[in-house]
K.L.:
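One structure, pasted below without further comment.
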Amino acid sequence: ETAVFQTPNYHVTQVGNEVSFNCKQTLGHDTMYWYKQDSKKLLKIMFSYNNKQLIVNETVPRRFSPQSSDKAHLNLRIKSVEPEDSAVYLCASSYGGGERLFFGHGTKLSVL
Amino acid sequence: QQQVRQSPQSLTVWEGETAILNCSYENSAFDYFPWYQQFPGEGPALLIAIRSVSDKKEDGRFTIFFNKREKKLSLHITDSQPGDSATYFCAASPNTNKVVFGTGTRLQVLP
């Protein structure tokens, strides 16, 4: 049963455009994450948010920025996309330290 | 630098066989090792996990074997079913805020 909801499912855009992806969780978790999954299926954490505080940022380019309105929402904005940003972006949530991550279905971004 | 490595990259077994997926890590501080299962078009989902104080964890057809001295672990899937076809990720963390995922093993179970 999906409890982490991501929109859109797919997005195609051109280099230099701005994009924004949405994520909402209905599990009552206090921590949310964004992961990037490349074409080889490698999973890399980008951000995590706990109580509106950014607690992990793994050398992500500055054009990426997380945006949170409350603990149930964590959006991802990419200011000026580049070809290497083509990937699947996965949102996740957890309670407390993250012993169990719940992932959404992902947003597939294609940059032409 | 990949801190968690998995092998093989892909694996094909026949229905009913045992699939063995391997994982190794470098950081001695890792003490929690979850395995996630990912089907096409979906996000990963927690399948089974083990802590470093244990050397074995079993859940139905899925068993983790853990060797702390060699920094290796493996996931055994007995009586493999076509529905088990998915990508499996070994992960590790020293504390649960910093989960590091492995490179993944794509498993195909043929009927």
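Chain A is the first sequence line, chain B the second, and so forth, proteins listed ahead of strands; every chain is numbered from 1.
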K.L.:
Testing the 3.5 Å rule here: is there a donor-acceptor pair between the side chains of B:Thr63 and B:Lys57?
P.N.:
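No - no donor-acceptor pair under 3.5 Å links their side chains.
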K.L.:
Could you look at A:Phe102 and say if it's the side chain, the backbone, both or neither that has a heavy atom under 4.5 Å from chain B?
P.N.:
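When you check distances to chain B, no heavy atom of A:Phe102 falls under 4.5 Å.
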K.L.:
Drop me the distance from A:Thr7's OG1 to A:Phe21's CZ, to the nearest 0.5 angstrom.
P.N.:
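Here the interatomic distance stands at 10.0 Å.
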K.L.:
For A:Tyr49 together with A:Tyr33, are the ring centres under 6.0 Å from each other?
P.N.:
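That pair fails the under 6.0 Å test.
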K.L.:
Any side-chain to backbone donor/acceptor pair from A:Ser48 onto A:Met32? Under 3.5 Å, distance only.
P.N.:
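Looks like no, no N/O pair under 3.5 Å.
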K.L.:
For the CD atom on B:Gln9, are there more than 12 heavy atoms of other groups (residues, nucleotides or ligands in this structure) within a distance under 6.0 Å?
P.N.:
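12 or below, so no.
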K.L.:
Heavy-atom pairs under 4.5 Å with chain A are the metric here; pick the option from B:Pro44, B:Ala91, B:Ala49 that has the most.
P.N.:
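Among B:Pro44, B:Ala91, B:Ala49, the one with the most close pairs to chain A is B:Pro44.
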K.L.:
Using non-hydrogen atoms and a 4.5 Å limit, figure out which bit of B:Phe39 sits close to chain A: side chain, backbone, both or neither.
P.N.:
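Contact with chain A is absent: no heavy atom of B:Phe39 under 4.5 Å.
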K.L.:
Please check if atom CD in A:Glu84 has more than 12 non-hydrogen atoms from other residues, nucleotides or ligands closer than 6.0 Å.
P.N.:
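Atom CD in A:Glu84 is packed in, count exceeds 12.
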K.L.:
Pick one of side chain, backbone, both or neither for A:Leu43, based on which atoms fall under 4.5 Å of a heavy atom in chain B.
P.N.:
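Its backbone and side chain both get close to chain B.
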K.L.:
Relative to chain A, which segment of B:Gln38 carries a heavy atom at a distance below 4.5 Å: side chain, backbone, both, or neither?
P.N.:
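Only the side chain of B:Gln38 comes within 4.5 Å of chain A.
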K.L.:
Measure distances from A:Gln6 to the heavy atoms of chain B and classify the residue's part below 4.5 Å as side chain, backbone, both or neither.
P.N.:
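Neither the backbone nor the side chain of A:Gln6 comes within 4.5 Å of chain B.
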K.L.:
Against chain B, work out which of A:Lys44, A:Gln37, A:Lys108 has the most heavy-atom pairs shorter than 4.5 Å and name it.
P.N.:
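Of the candidates given, the most pairs with chain B belong to A:Gln37.
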